[in-house]
Amino acid sequence: MKQQTARAAIDSKQIKKLDEHIIEIVSDSGEGAQTAGQMFATIMAKSGNSVWTVEIIPAEIEPPARTPAGASGNRIRAGSFPITNAGDGADLVIGFNEQVLQGGKWENRYKPGCIVLLESMWATHRDPEIASAYSSVVNTLREEGYRLYEVPMEAECSKYIPDPRKGKNMFVVGLLCNIYGRDLQLARTEIENKFGQKKAALIKPNLDLLQAGYDWAEQNLEFKFEVPPYGETQPLVVANGNIAVALGVVASGMEICAMYPITPATSASHYLSEIFDQVGGHVHQAEDEIAACAFAIGASYAGKCAVTITSGPGMALKTELMALSVMAEIPLVLVNVQRGGPSTGLPTKVEQGDLLATIFGTPGDAPKIVMAPATIEDCFYSIITARKIAETFRTLVVVLSDANLATGQQAFPRPKITREWAAPPVDQSPVPAGKDPLDWDPKTGLSQRFIPGQPGGMYTLTGLAHDRKGHVAYVAGINQEGCHYRSLKLAAFQKTLKPPKVFGEPSGDLLIVGWGSTKGAIEEAVSRVRKDGLSVSAMHLTFLQPMASGIKQIMQKFKKVMTVEINYSDTLEDELIDEDNRRYANLAWLLRARYLIDVDCWSNVHGQPIKPGSIEQMIREQLK
Amino acid sequence: MTIKEKTSLFGLSSQCVLKVDDDYKTLEDYQGRISRWCPGCGDNGILTAAQRLCRDEQLPPEKCVFVSGIGCAARFPHYMNTYGFHGLHGRALPTAQGVKFRRPDLHVFVNMGDGDCCSIGTAHWIHAIRSNMKLVVMMHDNNIYGLTKNQASPTTPIGRKTNTTPRGAWLKALNPLTVTLGITNASFVAQVVEWLPELLYDVIRQAFHHNGLAFIRILQRCPHFTPDVFSNLLSDPKKLLMLEHENGIKLSDTMAKLYQTRQQHDPSNLHRAREIAEADDLVPIGILYKNESVPRYEQLTKPKQKPTWEQRETLLNNAFDRFGINIDARAAAGNI
């Protein structure tokens with residue numbers, strides 16, 4: 001009887017229309033959930049949805065199988081409106097085993113009661129412990145109200161391939177294409193592109209698996225969804241933040257990237273290594289982070305600006321060279337793809353904990369320019385801008401990306417390429433007599449850089465305190481003079497900045513201030529509460545050092561100002577924490593110190609992007 | 001030099017009158033600021049040798065870059081009238097690599113002390129040797145930290161009292177020659193002393209003409225803290241083992257009389273070079289190893305293309321296509 005009802009439900013299934021859906025695919029490492037996720041996200045994007053993806057990466061390459069912390073996979077948020085962040089809990093989860101699913105549940109990645117499609121082979125596993133662990137999780141999930149469907153992935157896939165572990169992911173893509181009504185032809189093209197000519201023999205079995213998954217869902221599931229296209233017809237580029245950074249390096253005209261492997265920054269250099277030689281560029285993998293930075297500085301000194309790409313621990317090692325770049329006025333772009341800290345911290349997870357270390361981390365006074373991309377698109381343009389600023393102001397520019405941007409995928413308008421992005425050729429003309437290598441302009445602190453090879457420009461650059469000729473300072477007052485001009489350069493740069501825009505009304509009860517990758521989540525949360533009539537606005541800062549004029553005036557128009565950040569801060573809920581000892585989130589410290597406004601903060605270090613739902617809930621509590 | 005045309009001169013053929021070119025550079029042209037090293041410092045001799053090299057090779061001063069780290073030796077670039085990069089302690093080599101990589105047309109020299117090279121910069125020393133970029137690397141080895149005032153360095157002799165080892169240095173000194181000769185891709189390893197200026201010059205000159213990274217350990221007296229560490233070598237010339245070869249250094253007759261411990265050593269013989277470097281009793285002088293055929297990093301990584309903006313545009317367009325959606329609309333939107 002029950003079976004008959006199910007059959008009837010399947011036969012008469014209706015397509016449910018949705019604005020957005022969040023899909024998560026998790027497996028053991030090596031089972032291909034990441035590939036499946038990327039492929040399905042591309043299919044969704046190519047069929048017109050706005051998409052944001054997040055990689056789920058375990059800390060090890062092949063962690064023990066069937067463990068909650070070993071989950072590897074991908075999360076796709078697809079919608080009919082512009083998606084700017086990873087969103088809240090997943091609506092549909094596909095698990096290759098019940099343990100990896102547990103991990104996501106414990107991290108609150110799933111909406112309570114969401115649809116779960118789970119590989120069923122474990123139910124009859126010969127190891128009784130595995131079989132019982134499986135049935136225990138299945139029972140719990142059902143009791144908790146999840147809509148759980150057991151899928152015989154292994155059994156279905158072994159009809160087509162000898163080792164189903166290597167093919168389940170394509171079966172899953174087929175499942176999803178059926179559930180979301182996606183054209184299988186798009187998936188076929190993706191498979192053909194993926195395996196290409198090199199692995200042509202693999203195309204046929206994978207196409208079979210795709211079809212099998214599609215058919216299985218058609219015959220066995222009683223639901224189907226439609227997420228209508230967003231209607232974007234202009235040309236777009238879908239990339240993650242690290243790819244965007246690498247393309248930004250190419251577009252900026254830079255020719256040398258010096259790096260040392262570090263998660264989550266390295267994939268930018270992987271992609272760059274693949275393409276850079278086509279434009280005469282080179283990725284130099286140095287023996288350590290310090291050498292990478294020194295190499296980049298040496299290259300910058302002798303010609304066009306170079307870039308070094310790293311993450312927090314790597315930036316810590318480069319500190320002394322960062323100060324040298326500032327002190328000796330050598331242009332340098334440093335990209336820090338932030339990860340969880342302190343120390344080795346959470347290498348594969350997101351955090352925004354390096355802001356203060358970047359601004360203040362160099363001993364002595366080393367005024368540098370610090371900027372933070374907020375979107376994948378920003379990752380591209382920020383590098384072009386950073387290169388320009390570094391060369392114009394003869395200084396260090398740090399671009400603070402993070403793991404959320406680095407591995408998240410988002411579509412953005414295809415950039416219109418312009419020659420102005422790139423640096424002009426290196427000046428090798430003779431230096432006029434009487435010009436000094438540090439001819440500081442009294443108003444701006446700016447001076448013309450001499451590049452080796454320029455006749456008449458010979459001087460010795462030094463990290464010691466030096467005068468206008470680059471001579472080591474032995475006279476009191478010279479260090480003051482140098483520090484003065486280097487600081488003035490920041491002021492001169494600050495005058496070129498536009499005040500940030502306010503998202504929402506220009507005044508109200510609460511202003512949320514953010515920086516970096518949290519922009520999409522913050523603005524989504526603010527939009528939701530504004531719909532309910534709450535008087536909340538948001539402001540996002542791109543330049544953190546120096547900050548644009550007008551920020552104070554914006555903040556003063558709100559009854560309360562608070563930052564939302566992914567880094568650690570104390571809360572007053574702890575017995576010992578009070579106004580005298582509370583430690584604030586990075587940006588909150590900065591705003592409080594600069595503007596003398598009582599800026600509050602809400603931040604955490606769960607190693608996950610902040611969900612718009614969590615911000616929304618926090619805002620509602622604030623305004624209760 | 002050119003021969004000046006003159007119709008007559010008192011008793012001389014006009015062919016014999018030489019005039020120096022207007023742009024001929026003299027030693028003074030390479031002299032930078034006045035050195036502030038202590039009187040009697042061995043660094044002065046090294047400086048003179050470098051200036052003489054530039055003069056003899058008539059190197060355009062703007063085409064030379066002297067890169068250094070931190071320490072007494074690292075003040076070197078300030079005393080040259082060329083481009084100079086007085087950077088950070090230990091980091092001279094990766095900085096110099098960056099300069100050379102960016103600008104193969106420049107002559108890049110590196111000056112480091114023993115602490116700079118063999119202590120704080122050790123990782124760079126190993127990997128720079130392995131990269132084998134065309135650099136002349138001078139390691140001024142005075143067996144001590146001088147500028148920070150008398151602390152034991154990796155090459156300080158065992159038992160020597162310093163400010164950080166008041167009861168004597170604990171460890172046996174590190175041997176920079178055996179280390180360097182043990183590194184894959186080492187292509188030029190020499191040792192010389194600053195108090196034999198002709199040999200010093202000759203080795204630096206050969207290093208300059210070497211097609212790869214030339215590493216020269218220069219034993220250098222510090223009149224302040226280690227005036228005596230090399231006194232046995234000065235008082236007993238037999239302690240210096242002169243490595244002679246047609247592809248290495250050749251002693252003048254006078255020198256040969258003075259320095260009687262001599263050996264024919266073919267610098268292409270790496271095995272023998274390692275044996276010589278290993279010996280504790282004698283201090284080898286000359287070129288221990290030379291191999292012109294070791295590939296250079298800048299050759300191996302040389303981009304196939306000379307960068308042009310058009311290539312960048314093509315590359316970006318290809319990438320935007322690869323990651324693109326609605327590619328067909330791009331022309332209409334003016335994106336291509």
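Since the structure is predicted, the reported quantities are computational estimates derived from the model, not experimental observations. To find a chain, count down the sequence lines: A is the first, B the second, and so on, and within it residues start at 1. Because only heavy atoms are used, hydrogens play no part in the values below, and waters and symmetry mates are left out as well, while side chains stay in.
When heavy atoms are compared at a cutoff of 4.5 Å, A/Phe412 does not approach chain B at all. Proximity to chain B is absent for every atom of A/Thr42, based on heavy atoms less than 4.5 angstrom apart. Looking at A/Ala251, both its backbone and its side chain come within 4.5 Å of chain B, counting heavy atoms on both sides. Residue contact with chain B, scored on non-hydrogen atoms closer than 4.5 Å, involves the side chain of A/Leu464 exclusively. Only the side chain of A/Leu324 has a heavy atom closer than 4.5 Å to any heavy atom of chain B. If you measure heavy-atom distances from A/Asp277 to chain B, the contacts under 4.5 Å come from both the backbone and the side chain. For A/Tyr301, the part lying under 4.5 angstrom from a heavy atom of chain B is the side chain only. When heavy atoms are compared at a cutoff of 4.5 Å, A/Gln409 does not approach chain B at all.
No other option in A/Ala299, A/Ala286, A/Gly280 has as many heavy-atom pairs under 4.5 Å with chain B as A/Ala299. When the candidates A/Ala291, A/Gly453, A/Gly463 are compared by the number of heavy-atom contacts under 4.5 Å with chain B, A/Gly453 comes out ahead. Considering only heavy-atom pairs separated by less than 4.5 Å from chain B, the leading option among A/Arg419, A/Gln278, A/Lys46 is A/Arg419. Taking B/Glu313, B/Lys306, B/Arg33 one by one and counting their heavy-atom pairs under 4.5 Å with chain A, the maximum is reached by B/Arg33. Across A/Ile290, A/Val426, A/Val431, the residue that shares the most heavy-atom pairs under 4.5 angstrom with chain B is A/Ile290. For chain A, the option among B/Val65, B/Leu88, B/Thr82, B/Val99 with the highest count of heavy-atom pairs below 4.5 Å is B/Leu88. When each of B/Gln97, B/Lys63, B/Met80 is scored by its heavy-atom pairs under 4.5 Å with chain A, the top score falls to B/Gln97. Looking only at heavy-atom pairs under 4.5 Å with chain A, the residue among B/Thr308, B/Thr314, B/Ile70, B/Thr301 that has the most is B/Thr301. In terms of heavy-atom pairs under 4.5 angstrom with chain A, the leader among B/His89, B/His127, B/Gln311, B/Arg75 is B/His127.
The aromatic rings of B/Trp37 and B/Phe76 sit tilted relative to each other, their planes meeting at an angle between 30° and 60°. Ring geometry for B/Trp309 versus A/Trp421: interplanar angle over 60°, hence perpendicular rather than tilted (30 to 60°). Ring geometry for B/Tyr297 versus A/His282: interplanar angle over 60°, hence perpendicular rather than tilted (30 to 60°).
Using a cut-off of 4.0 Å between Lys/Arg side-chain N and Asp/Glu carboxylate O, B/Arg102 and A/Glu255 are scored as salt-bridged.
There is a side-chain donor-acceptor pair under 3.5 Å between A/Arg182 and A/Asn49.
Other residues, nucleotides and ligands place more than 12 heavy atoms under 6.0 Å from the CG atom of B/Leu300. Within a 6.0 Å radius of CD in A/Glu420, other residues, nucleotides and ligands contribute 12 heavy atoms or fewer. Enclosure of atom CZ in A/Arg468 by more than 12 non-hydrogen atoms of other residues, nucleotides or ligands within 6.0 angstrom is indicated.
Checking side-chain atoms of B/Ser119 against main-chain N and O of B/Asp116 turns up no donor-acceptor pair under 3.5 Å.
Close placement of the A/Tyr271 and B/Phe323 rings is indicated, their centers lying within 6.0 Å of each other.
In this structure, B/Arg91 fails the cation-pi test against A/Phe295, since its NZ or CZ atom is not both closer than 6.0 Å to the six-membered ring centre and inside 45 degrees of the ring normal.
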